[in-house]
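A note on names: the letters A, B, ... follow the listed sequences, proteins ahead of strands, and every chain is numbered from 1.
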There are 2 protein chains.
Amino acid sequence: MPETHWLNDDEMAAWQAFLTAGALLNRRIEEQLKDESGLSHLQYEVLVRLGAAEGGRLRMTELAAVVVTSKSGLTYQVTQLEKAGLVRRSSCRDDVRGVYAVLTDEGRRRLEAAAPGHVGVVRAHLVDVLTPDQLAAVKEGLGEVARRLGG
Amino acid sequence: MPETHWLNDDEMAAWQAFLTAGALLNRRIEEQLKDESGLSHLQYEVLVRLGAAEGGRLRMTELAAVVVTSKSGLTYQVTQLEKAGLVRRSSCRDDVRGVYAVLTDEGRRRLEAAAPGHVGVVRAHLVDVLTPDQLAAVKEGLGEVARRLGG
DNA sequence: ACGGGGAAGTTCAAATTTGAACCACACCCC
DNA sequence: GGGGTGTGGTTCAAATTTGAACTTCCCCGT
């Protein structure tokens with residue numbers, strides 16, 4: 001077995017910063033969203049993706065992929081959102097097995113109501129903290145990371 | 001109420017990349033760690049922090065802060081690690097309420113055994129994907145983000 | 001000394017997540 | 001046209017996470 005190629009101090013610091021910033025930021029977002037809109041971050045992301053999709057709907061599997069959750073996790077959350085009236089399921093014409101998650105009018109209203117506060121947090125704690133160069137580096141660098149991991 | 005200051009395309013892309021890269025990378029890490037070492041990412045982080053601390057031990061609250069979990073979540077995980085013999089609890093001399101989580105010898109062995117594989121994943125999917133400039137930007141920029149959020 | 005405000009950890013029930021097993025169907029190739 | 005293989009979604013039980021409540025105890029000011 002080859003010698004392990006350890007991380008040097010800068011690499012370690014970068015990885016640590018990435019990990020910690022992600023966790024802390026997510027904690028803030030979760031808290032803010034729950035308080036002001038009664039949604040979890042995941043639920044909010046689901047609504048966002050549906051809101052941006054053609055016809056406000058997406059297949060379950062595709063939705064699970066874009067919000068990065070497991071299929072069973074998405075099944076659960078969509079069921080919750082359905083109970084809350086923000087999303088409904090509709091079957092797929094071309095594929096009997098297929099299911100669409102569809103954003104309801106009420107869902108879109110909730111999304112629009114939640115968005116400003118959410119964006120405010122992301123801006124205050126991430127976007128406005130980074131310099132333009134750093135923002136660009138995050139976009140390009142992490143974009144590539146995500147792409148290679150199959151995002 | 002003031003007009004919402006929305007994110008422009010670059011800001012949106014950066015935020016999206018950050019979120020997605022984090023989720024996908026974490027998924028990989030979780031999978032790798034579970035397969036090769038039988039540890040969750042959180043458990044691994046706990047061992048790392050203890051391993052790096054003076055005397056291989058840390059107070060519960062401080063440990064919870066550095067690994068970014070809730071106190072109750074840490075209580076649970078330390079209990080699991082204790083059952084596995086990787087960590088033990090020890091009471092604190094100066095503060096009767098205080099509890100130290102201490103890395104056992106077995107815990108250190110497991111940590112050392114798990115580290116190479118873990119580092120390999122972090123390197124392959126994150127560190128080696130970023131250019132030196134991007135790495136520096138992530139370190140500085142996200143480091144600042146974490147710092148401000150109380151990391 | 002003494003009371004109040006906090007901090008440290010744990011506990012508990014409820015909510016969520018995980019991953020494997022499963023059903024039904026689509027697709028492809030001989 | 002009949003398997004064999006793979007995909008889409010759901011289900012299920014077990015594991016984990018969450019947040020609030022609770023118990024103890026520290027620390028500070030009076």
Could [X] and [Y] be called an ion pair, given the rule that one side-chain N must be under 4.0 Å from one carboxylate O?
| X | Y | value |
| --- | --- | --- |
| A:Arg27 | A:Glu30 | no |
| B:Arg148 | B:Glu144 | yes |
| B:Glu106 | B:Arg109 | yes |

Inset, instruction - Pick base, sugar-phosphate or nothing for B:Gly73, based on heavy-atom distances below 4.0 Å to the nucleic acid. - result: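 Here B:Gly73 touches the bases of the nucleic acid.
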Legend entry - Touch class at under 4.0 angstrom, heavy-atom based, for B:Arg27 against every strand present: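 Since no nucleic acid heavy atom lies under 4.0 Å of B:Arg27, the category is nothing.
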Inset, instruction - Classify the side chain of B:Arg97 versus the base of C:dA7 as yes if they form a donor-acceptor pair under 3.5 Å and no if they do not. - result: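 Present.
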Inset, instruction - Tell whether A:Ser72 reaches the base of C:dG19 with its side chain through a donor-acceptor pair below 3.5 angstrom. - result: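 A donor-acceptor contact between them is present.
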Has [X] got a side-chain N or O lying under 4.0 Å from the OP1 or OP2 atom of [N]?
| X | N | answer |
| --- | --- | --- |
| B:Tyr76 | D:dT17 | no |
| B:Gln77 | D:dA15 | no |
| B:Gln80 | D:dA15 | no |

Quick one: [X] [atom1] to [N] [atom2], roughly how many Å, whole number?
| X | N | atom1 | atom2 | result |
| --- | --- | --- | --- | --- |
| A:Asp95 | C:dC27 | CG | C1' | 11 Å |
| B:Glu82 | C:dG9 | CD | P | 14 Å |
| A:Lys71 | D:dG6 | NZ | P | 14 Å |
| A:Met60 | D:dT7 | CE | C1' | 15 Å |
| A:Glu30 | D:dG19 | CD | P | 8 Å |

Contacts under 3.5 angstrom, residues 53-76 of chain A side chains, donor-acceptor by atom type, not counting sequence neighbours:
| unit_1 | atom_1 | unit_2 | atom_2 | d |
| --- | --- | --- | --- | --- |
| A:Ser70 | OG | A:Gly73 | N | 3.0 |
| A:Thr75 | OG1 | A:Lys71 | O | 3.2 |

Legend entry - Axis bend over the full length of the helix from C:dA1-D:dT30 to C:dC30-D:dG1, computed from five pairs that close each end, to 10 degrees: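 Angle reported: 30°, given to the nearest ten degrees.
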Inset, instruction - Between B:Glu62 and A:Ser40, just flag the one whose closest nucleotide in DNA chain C comes earlier from the 5' side. - result: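 The residue whose closest nucleotide sits nearer the 5' end is B:Glu62.
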Legend entry - For B:Gln134, side chain to side chain contact (heavy atoms under 4.5 Å, CB included) partners two or more places apart: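 A:Ala137, A:Glu140, B:Leu130, B:Thr131.
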Legend entry - Atom CG of A:Asp35: over 12 foreign heavy atoms under 6.0 Å: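 It does: A:Asp35 CG has more than 12 such atoms within range.
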Legend entry - B:Ser91 side-chain N/O to B:Val99 backbone N/O, donor-acceptor pair under 3.5 Å: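 Not at all, since once roles are kept as given, no pair shorter than 3.5 Å links the two residues.
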Inset, instruction - For A:Thr61 and for B:Leu42, locate the closest nucleotide of DNA chain D by heavy-atom distance; then report the residue assigned to the nucleotide nearer the 5' terminus. - result: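 So the residue in question is A:Thr61.
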